[in-house]
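Worksheet: one structure, shown below.
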Amino acid sequence: MKTPPLTVTLALAVLALVTVAAAFAPWLVPGATDQDLMTGITGPGPGHPLGTDDLGRDVLQLLVAGARTAVPGALAVAAGSMLIGNLVGLPAGYLGGWVDSLAMRWADLMFSLPALLVAIVVAGVLGGGYGLAIAVLVVLFAPTDARVVRGAVLEQRHRPYVEAALLKNLPAWRIMTGIIWPNIAPVALASAFLNFAFALVSLSSLSFLGLGVPVGSPDWGRTLADNRTQLLTNPWAVIAPGLAIIATAAALNLVGDWLQQSVDRRGRAR
């Protein structure tokens, strides 16, 4: 794989910082949710580089702590979607016939639904909750992975190495999982990066609307919602979580696109 360009390197650096924040937030900012009503909302200053919100919480600490809910939830959506997509896309592409038709009709049905709107309706009807939001998005994002995996399998299933496996009378499940899947794994991973970005924005949107994490939680979308009325008093209380969402989603998209292009170049070279 070629050395990534500067933009991708910067994107990887952003993702590294976000990963560190998500993994070590309890130790980096143990008092992120501590309130100081006597201080209230203030602008950037000594001890508070990004100021404080209306509850006296440090905005920078909230930003670091917010990665702990924003990132794992989006990762869970991407991983769950990739798992379901592989379970559906592998047999659809390899076996074809009614299996393929049934899988693609399901995918077409799911694609006809506006994912975020459906998530809002379901979460609203069932009372919201972070776990529910993740589960709904997994189901809604899975068809994307299923189609990507199916397309990759269709491109691979008539290759000589698959024909050789058939001559050995290997069972279909073994050919799909042990022979074909390792060759399409980079494509599935690239798709997962893109779903990760979409899931991050979608979960933040649900939290902003009060259908994700509880009120007061250190989540980027929730922090953005809690401080939206303080834009003129301390703009960083709103700008910082918004920039975190945008920067992380953009970085995921850049890395995902780069992985996809690298896979395509390697496939043409072969």
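- Grouping the Ile, Leu, Val, Met, Phe, Trp and Tyr side chains by contacts below 4.5 angstrom, directly or via other members, places Val149 apart from Leu87.
- Partners of Trp236 by side chain to side chain donor-acceptor pair (under 3.5 Å), not counting sequence neighbours: none found.
- Residues satisfying the side chain to side chain donor-acceptor pair (under 3.5 Å) criterion with Thr42, sequence neighbours excluded, are Thr52.
- Put simply, Leu50 and Ile41 are part of two different groups of oily side chains (I, L, V, M, F, W, Y) that touch within less than 4.5 Å, one to the next.
- Residues in residues 82-92 take part in these side-chain hydrogen bond (donor to acceptor under 3.5 Å, both in side chains) pairs, two or more places apart or across chains: Asn86-Trp181.
- Proximity of Leu206 to Ile120: side-chain heavy atoms (C-beta onward) are separated by under 4.5 Å at one or more points.
- Ile134 and Val213 fall within the same hydrophobic cluster, defined by Ile, Leu, Val, Met, Phe, Trp and Tyr side-chain heavy atoms under 4.5 Å apart, directly or through other members.
- A distance of 10.0 Å separates OG1 of Thr233 from CG of Asn227, quoted to the nearest 0.5 Å.
- Here the closest heavy-atom approach between residue Ala152 and residue Val187 is recorded as CB-CG1, 4.4 Å.
- Taking all atoms of both residues into account, the shortest heavy-atom contact from Ala67 to Ala22 is O-CB, 3.5 Å.
- Minimum heavy-atom separation, Trp220 to Val18: CH2-CG1, 4.1 Å.
- Other cluster members for Phe24: Val20, Trp27, Leu28, Val29, Val64, joined by side-chain heavy-atom distances under 4.5 Å among Ile, Leu, Val, Met, Phe, Trp and Tyr.
- Residues Met104 and Val139 do not share a hydrophobic cluster, clusters being chains of Ile/Leu/Val/Met/Phe/Trp/Tyr side chains in contact below 4.5 Å.
- Applying the side-chain hydrogen bond (donor to acceptor under 3.5 Å, both in side chains) definition to pairs two or more places apart or across chains, those involving residues 107-124 are Arg105-Asp108, Asp108-Arg147.
- Put simply, Leu132 and Val138 are part of the same group of oily side chains (I, L, V, M, F, W, Y) that touch within less than 4.5 Å, one to the next.
- For the atom pair OG of Ser207 and OH of Tyr130, the computed distance is 6.5 Å after rounding to the nearest 0.5 Å.
- Other residues, nucleotides and ligands contribute only 12 or fewer heavy atoms inside 6.0 Å of the CZ atom of Phe198.
- Scored by the side chain to side chain donor-acceptor pair (under 3.5 Å) test, Ser191 finds Asp145 as partners (sequence neighbours excluded).
- Other members of the cluster containing Phe111 do not exist, because no ILVMFWY side chain is joined to it at under 4.5 Å.
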With side chain to side chain contact (heavy atoms under 4.5 Å, CB included) as the test, would you mind laying out the steps for Leu203 and Leu137 before giving the verdict? CA-CA 8 Å; Leu203 284 174; Leu137 291 178; 3.6 Å; yes
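- Taking all atoms of both residues into account, the shortest heavy-atom contact from Ala197 to Ala249 is CB-O, 3.6 Å.
- At least one donor-acceptor pair closer than 3.5 Å links the side chain of Ser81 to the backbone N or O of Ala142.
- A distance of 9.0 Å separates CG in Leu243 from CG in Leu63, rounded to the nearest 0.5 Å.
- In this structure, Ala11 and Val255 approach most closely via the heavy-atom pair CB-CG2, 4.0 Å.
- Within the structure, side-chain hydrogen bond (donor to acceptor under 3.5 Å, both in side chains) pairs that include any residue of residues 55-75 comprise His48-Asp58, Asp53-Arg57, Thr69-Asp219 (at least two apart or interchain).
- Residues Asn195 and Val77 are not in side-chain contact: their nearest non-hydrogen atoms beyond the backbone lie 4.5 Å or more apart.
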Side-chain donor-acceptor pairs of residues 162-177 under 3.5 Å, sequence neighbours excluded:
unit_1: Thr177; atom_1: OG1; unit_2: Trp173; atom_2: O; d: 2.7

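- Separating the CG atom in Leu200 from the CG atom in Asn253 is a distance of 10.0 Å, to the nearest 0.5 Å.
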Given the rule in the side chain to side chain contact (heavy atoms under 4.5 Å, CB included) test, do Val14 and Leu10 qualify, once you have shown the distances and angles that lead to the verdict? CA-CA 6 Å; Val14 169; Leu10 292 175; 5.7 Å; no
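- Taking CZ of Phe208 as the start and CG of Asp226 as the end, the distance is 9.5 Å to the nearest 0.5 Å.
- When hydrophobic residues (I, L, V, M, F, W, Y) are linked wherever their side-chain heavy atoms come within less than 4.5 Å, Leu17 remains an isolated member.
- The main-chain N or O of Ile179 is found under 3.5 Å from a side-chain atom of Asn183 such that the two form a donor-acceptor pair.
- Checked by atom type and distance alone, the side chain of Thr223 never pairs as donor or acceptor with a backbone atom of Pro218 at under 3.5 Å.
- For Asp54, there are no side chain to side chain donor-acceptor pair (under 3.5 Å) partners two or more places apart in sequence or in a different chain.
- Here the closest non-hydrogen pair linking Val153 and Gly93 is CG1-C, 3.5 Å.
- Taking a 4.5 Å side-chain heavy-atom cut-off between Ile, Leu, Val, Met, Phe, Trp and Tyr, the cluster of Met82 contains only that residue.
- For Tyr94 and Gln156, the side-chain atoms include no donor-acceptor pair closer than 3.5 Å.
- At least one side-chain heavy atom of Val59 sits less than 4.5 Å from a side-chain heavy atom of Asn234.
- For the atom pair Leu12 CG and Thr7 OG1, the distance stands at 9.5 Å (nearest 0.5 Å).
- Within the 4.5 Å cutoff, the side chain of Leu194 has no heavy atoms near those of the Leu252 side chain.
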